[in-house]
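To start, the structure itself, in structure tokens.
Excluded from the calculations below are hydrogen atoms, water molecules and symmetry mates; all remaining heavy atoms, backbone and side chain alike, are included.
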Amino acid sequence: MNNHYDFTSIEQKWQQRWTEEREFVAQEDSSADKYYVLEMLPYPSGALHIGHVRNYSLGDSIARFRRMQGLNVMHPIGWDAFGLPAENAAIQRDIPPEQWTVDNIMTMKAQCQRMGWTYDWTREISTCSPEYYRWNQWMFVQMYKRGLAYLQRGPVNWCEQCQTVLANEQVSDGCCWRDGSQVVEKELEQWYFRITEYADQLLEDLDQLEGWPDKVRRMQQNWIGKSVGWTVSFPLQNSNEITVDIFTTRLDTIYGATSLILAPEHPLVETWVASPNKVNEVAEFVEDIRHQRREVRTAEDTEKKGVFTGHYAINPFNGEEIPIWIANFVLMGYGTGAIMAVPAHDQRDFEFSKKYALPIKVVIKPEVDSLPAEPNHAFTEHGILTNSETYSGLLSQVAQKKMGEFGCQKGFANKSTTYRLRDWGVSRQRYWGTPIPMIYCPKCGVVPVPEEQLPVVLPKVESAQLGQSTLANLSEFVNVSCPKCQSPARRETDTMDTFVDSSWYFYRYASPQCDYAPIQGDAVQHWFPVDVYIGGVEHAILHLIYMRFFTKVMRDLGLVQFDEPVKCLFTQGMVLKDGSAMSKSRGNVVSPDEVIQKYGADTLRLFVLFAAPPDRDLDWNDRGLEGCFRFLKRLWRMVYQVQGENTDGSMSRELNGKERALLRKSHQTIRKVSHDLERMHQNTAIAAIMELLNFAHEYLDSGEQCDLGLLKEVLETIALLLSPFAPHFCEEIWEIMGHAESLTFTLWPTYEPELAREEDIDIVIQVNGKIRSRFSASPGISKDEMEILAMEDEKTKVYTEGKSIRNIIVVPDKLVNIVVQQESEDDQSH
RNA sequence: GCCCGGGUGGCGGAAUUGGCAGACGCACAGGACUUAAAAUCCUGUGAGGGAUUCCCUCGUGUGGGUUCGAGUCCCACCCUGGGCACCA
């Protein structure tokens, strides 16, 4: 008998067996309900870190659980293989990025296998393979044809360190999301995806996502930033044709507008500055602001600055003539790039107008008159209109509606909606990405690469050739003939943002080999929606909004037949060590390989799932890891004590009280673990299994004659319940206990309510809500009987002696609360 | 400023619907086994107070409230993490 828990050989044995028997290869099989478990695909950065281990162990616990429940599970994985870090690493090591990436994939794939995750490796994809990125290009072309991909010159976020453009979603606090360096503004011609076209759908369909955390839905809602209002055209004075359009959500305040303010980039400003009789002061100001860094300019505490243009506009409601200014705090990128300033009712306008001595005109009064006016603040609430001609006396909401109708009728106002969301800039000035399949022809202009010529293969290069414009320097890549007119033309040399790759990869898993389309419709139809998608919350906006956008585009292209791809989203917390995220610079990185070597993959899996609720941050703790190891060893030893026993005894004979209690605990545990897995509470599921083992241990140690057959039955239950978390270990003990078939093909245990039911329950006796005593009774005892037993209790008598009983509350099977007159109340009654 | 989480022992964290606060694990203390150590096992472990087996009081960020009964519901506040933010 080998009773040493040799995790290394056990894990190798079962990994080999699982691979040989192809146990996790998913087939489209309609005889069972499908279940698609998806985790965010890893970036092949070098090696798996503990965060990956947590993410994928979580997903695997669900995949194994669902498989054992008899569902037809698909659990795929792939590699988000393109990207800047690989390119930089390759330059550093003087090897081609492809080699670096492929090597990393091999390393990380081996790590995945050592962890015992049940991936269907036949569906593995890598986004840097031409078979994959070909379809990025295909979709790009489709989007171009529909006007959803377009080329535009404009200000972009430029990261000096990465030497590339970043999307708005990739900039936070004015810094690059990858390296944290300052992002600067640059003027470049770039490809964009028209995600704003889908802003409303992206917002509205959030309601469908009931299985998503509210937090993520709110974040997306904020990011889209819809606001509904009106655009109002103010004609320029002395001009019948030219108008200044402004956007407002507070049309009811328009009688209080005392100036119009334009963004320095506003087209009208350009014409004024360009005109021969320009005002120098204005031109200088505009030039000044344009050179200011965007994050400085848009910071809330930046001083408001402006300049009067010398021009006036007419308020279409009252014909009033108001000055037109230019100011730094008005942004071209939002609304119409022009606002009406209502200093009495907008804090920013208030500050601006104070500074430049513009008039402040009150047009809204609080509904409750008594509110004291704050001298340094605008009144920004809704209220009752005043100084607003026929609208005076109306409530804000009512007035808005009437004024809107009037403006629409007269043709100077329109209902309008704006969004904070900007179009997605997808051009990257780097080598290691999907080539954008576009050709510039001097005669025909922009021409997409014909579909039959896709993929545009990324040329292989040595790292020495890498640099800012690698592709641009490869003349054999750049120089092509125009697909339309055959004259010499130039290929686009930017590549796509890698977030394009990850926006639809989960569709590809359904038909990874498909070579005539990005996806095979029936396969997608079979597997979708994704039943559960697990990943870090850091993608709440980036990836998870792009992915939804792509789904809607693919739907409109006729590729899929639904609006949303993911039914349930689960965002797991980060793994911390000593209170902060693990990072090389902090030197607090824990390597999964070292842990596997010391304790085995099962202990590691168990610990990352046990130490914290999956949705919260997990603080790494070596001692906690050891605790999980001890638990497995304890279980191992007990298995050896019962391995040869027969398990068919418990049902065929009368059990004594202790035996019934053990069986009961076991069925209660089945119930709890099943329920906890349904609701993603892996931590409490594992705790419950530990409790059952403790219970079994007590039974064994109780000194009396034990039914080892019954005990074995309980340990078999543990093997089943624990297998989603510690699969190799469980396979091994399952085999030791005499089972030939892999746990993968064994059904999840079901609990018998009859056996799980308590025989005797503790009923609590409270007096005035305080626990004073307790008694034991059978479940289902009548309320009357509970009351009688409670009143007969000795301690009850002590606390109720001489007091009048006002009420008795009986909660079936739980407690009796006797409410007596308080002493202080007695005093009062005298 | 607006919108969301979170605050429970020495630590990580439990507590299905308002019904025994502190499951499970760690740490710590004492004990058993051992020549010894490791490993393993047993006992104890929220705070305070009294008692030889037991009992009492307090206790889930703070202050109020609802309720027979509140970690859980309501109001106000404090701390903390995250998202958005000169967005018209």
Please classify the nucleic acid contact of [X] as base, sugar-phosphate, or nothing, using heavy-atom distances under 4.0 Å.
X        : value
A:Lys633 : sugar-phosphate
A:Pro213 : nothing
A:Thr418 : nothing
A:Glu303 : base
A:Gly627 : sugar-phosphate
A:Arg772 : sugar-phosphate
A:Leu331 : base
A:Val330 : base
A:Asp346 : nothing
A:Gln766 : base
A:Arg616 : sugar-phosphate
A:Arg348 : base
A:Asp214 : nothing
A:Phe775 : nothing

Syn/anti state for B:G6 [syn: chi within 90° of 0] = anti

key: Parallel, tilted or perpendicular: ring planes of A:Phe317 versus A:Phe412, cut at 30 and 60 degrees   =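 Ring orientation, 0 to 90° scale: perpendicular.
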
If we take the [atom1] atom in both [N] and [M], what is their distance in whole Å?
N     : M     : atom1 : value
B:G12 : B:G18 : C1'   : 27 Å
B:G44 : B:U60 : P     : 26 Å
B:A15 : B:A27 : P     : 23 Å
B:G63 : B:G5  : P     : 24 Å
B:A21 : B:C3  : C1'   : 32 Å
B:A38 : B:G13 : C1'   : 30 Å
B:G31 : B:C68 : C1'   : 46 Å
B:G30 : B:G19 : C1'   : 37 Å

Between [Y] and [X], is there a salt bridge with N-O shorter than 4.0 Å?
X        : Y        : result
A:Asp793 : A:Lys795 : no
A:Lys355 : A:Glu303 : yes
A:Asp619 : A:Lys577 : no

query = Do A:Lys304's NZ or CZ and the ring of A:Phe352 fall within the cation-pi criteria of under 6.0 Å and 45°?
reply = no

note = Result for 5'-nearest mapping on RNA chain B, choosing between A:Asn817 and A:Lys795, is A:Lys795

ask   = Where each residue is assigned the nucleotide of RNA chain B containing its nearest heavy atom, which of A:Gly624 and A:Asp619 is assigned the position nearer the 5′ end?
value =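 Between the two, 5'-proximity favours A:Asp619.
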
Counting heavy atoms from C-beta on, name the nucleotide in [options] closest to the side chain of [X].
X        : options             : result
A:Tyr799 : B:C56, B:C24, B:A88 : B:C56
A:Pro613 : B:G19, B:A88, B:A14 : B:A14
A:Asn328 : B:C86, B:U16, B:C24 : B:C86

query = Could a donor-acceptor pair under 3.5 angstrom be found where the side chain of A:Arg774 meets the base of B:C20?
reply =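 Per atom types, the contact qualifies.
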
message = Rounded to whole Å, how long is the line connecting atom CG of A:Asn694 with atom P of B:C26?
response = 10 Å

query = When rounded to the nearest 0.5 angstrom, what is the spacing between CG in A:Leu632 and CE in A:Met690?
reply =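 It comes to 8.0 Å.
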
